[in-house]
Amino acid sequence: MCGRFNVIDDPFTQDLLEQLEVKARLDTQYNIAPTEDIQVVMQEDGANRLRHMRWWLIPSWVKEPGTKYSMFNARAETLEQSPAFRGPFKHQRCIIPASSFIEWKSENGHKHPYSIRPSDQAFAFAGLWDHWGHGAERIYSCSMITTDAVQAFQTIHNRQPVMLPRDAFDQWLNPDIEGDELIHLLRPTLPCALEVLEIDPAINNSRHKKQIKPTGEPFQIWV
DNA sequence: CCAGACGTTGTT
DNA sequence: GTCTGG
DNA sequence: CCAGACGTTGTT
DNA sequence: GTCTGG
């Protein structure tokens, strides 16, 4: 799954936004936790744009926004049945740009945080968005889609975020395409080789918003 | 018909 | 144990 | 995802 | 909003 990630305004994220034809730059944000405000790429009036959204999807039909249900991740396997996600999956898909994400590997009852990142590009995570409320009060929110981890990643965790390859960006963001035509994009794959690095457990505290130092040697995984 | 749920992960 | 906040 | 709270009365 | 359970 993915419950924490980092965004850095660097050449990799700048290149990603350029690929998406978004003329903007990202704010650097370390150790982003669910419910926080993030920047997401979505299509509006035929053009891609960056928009601030809350990382915790609020269905448009709930009476009051809340956190009773876990809405920051959406399982790819059940998207089409889910009352909360199937609507957004049809026409409200987005890309969540990220520089790296964090997973906790569980070993004999203890958890160790790891940072995962591509060596020479930024991630484009597959997401869904929705809005709640009207006018100036309107809240945009989003969720990150997860799927089974590829074999090579399962030593760290059994779930992974869906990482879109560049040739899928256009289809994924196009609201004229129905989600069910794109379900094949949600299978477990890696867009490139990934560097995995054990990091300081200081990351555990979501109030810690600075860059985290590594505690081990990086290793690479690839399919 | 109305009421109530609507979610994920990990662990046992 | 379970909920809230980040 | 993890961390931290989880309560009341009275006084400033 | 839409589905399931009673």
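Note that these values count all heavy atoms, side chains included, but never hydrogens, waters or copies made by symmetry.
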- prompt: Do A:Val7 and A:Val40 belong to the same hydrophobic cluster, where Ile, Leu, Val, Met, Phe, Trp and Tyr are linked whenever their side-chain heavy atoms lie under 4.5 Å apart, directly or via other members?
  reply: yes
- request: Kindly say if A:Ser60 contacts the phosphate of E:dG1, meaning a side-chain N or O under 4.0 Å from OP1 or OP2.
  value: no
message: Taking the ring of A:Phe5 and the ring of A:Phe123, is the distance between their centroids below 6.0 Å?
response: no
field: Common cluster, A:Trp129/A:Leu182, ILVMFWY with side-chain heavy-atom separation under 4.5 Å
entry: yes
Whole-angstrom distance between B:dT11 and D:dA3, as gauged at atom P: 14 Å
message: Reading 5' to 3' and counting Watson-Crick or G-U wobble pairs with both distances under 3.5 Å, write the dot-bracket notation for DNA chain D, | for bases paired outside the strand.
response: ||||||......
task: Indicate whether the side chain of A:His208 and that of A:Asn31 have a donor and an acceptor atom separated by less than 3.5 Å.
output: no
message: Mind checking if A:Asn31 touches a base, just sugar-phosphate, or nothing, with heavy atoms under 4.0 Å?
response: nothing
task: Tell me yes or no: between the side chains of A:Trp55 and A:Asp37, is some donor less than 3.5 Å from an acceptor?
output: no
field: For atom CD1 of A:Ile58 and atom C1' of E:dG1, their distance in whole Å
entry: 16 Å
query: Over how many whole Å does the gap from A:His131 atom NE2 to E:dG1 atom C1' extend?
result: 13 Å
- prompt: Expressed in whole Å, how much space separates the P atoms belonging to D:dG7 and C:dT2?
  reply: 15 Å
- prompt: Is it true that A:Leu26 and A:Tyr30 fall in one hydrophobic cluster, defined by side-chain heavy atoms closer than 4.5 Å?
  reply: no
- prompt: How are the rings of A:Phe101 and A:Phe125 set to each other: parallel, tilted or perpendicular (split at 30° and 60°)?
  reply: perpendicular
message: Regarding A:Lys209 and A:Glu36, does a basic nitrogen lie under 4.0 Å from an acidic carboxylate oxygen?
response: yes
query: Can you find an N or O donor on one side and an acceptor on the other, under 3.5 Å apart, linking the side chain of A:Thr35 with the base of C:dG6?
result: yes
task: Please state the P separation for the pair D:dC2 and B:dT9 - nearest whole angstrom.
output: 13 Å
task: Can you tell me the distance, in whole Å, between the CG atom of A:Asp130 and the P atom of E:dT2?
output: 13 Å
message: With no hydrogens and no angle check, just 3.5 Å: does a side-chain donor-acceptor pair link A:Asn6 and A:Gln29?
response: no
statement: Separation of B:dT11 atom C1' from A:Asn108 atom CG, nearest Å, is 15 Å
task: If a protein heavy atom is under 4.0 Å from the base, mark B; if only from the sugar-phosphate, S; if neither, -; do that for nucleotides 1-8 of chain B going 5' to 3'.
output: ----SBBB
- request: Pick the P atom in B:dT12 and in D:dC1, then give their distance to the nearest Å.
  value: 15 Å
- request: Look at all strands and tell whether A:Arg207 reaches a base, only sugar-phosphate, or nothing, counting heavy atoms closer than 4.0 Å.
  value: sugar-phosphate
message: Please report the distance, rounded to the nearest Å, between CD1 in A:Ile38 and C1' in C:dG6.
response: 14 Å
message: Between B:dA5 and C:dC3, how far apart are the two P atoms, rounded to whole Å?
response: 13 Å
- prompt: Is A:Ser106 touching bases, backbone alone, or none of the nucleic acid, heavy atoms closer than 4.0 Å?
  reply: sugar-phosphate
statement: Closest heavy-atom pair, A:Ile58 versus A:Asp130, reported as atoms and distance to 0.1 Å, is O-CB, 3.8 Å
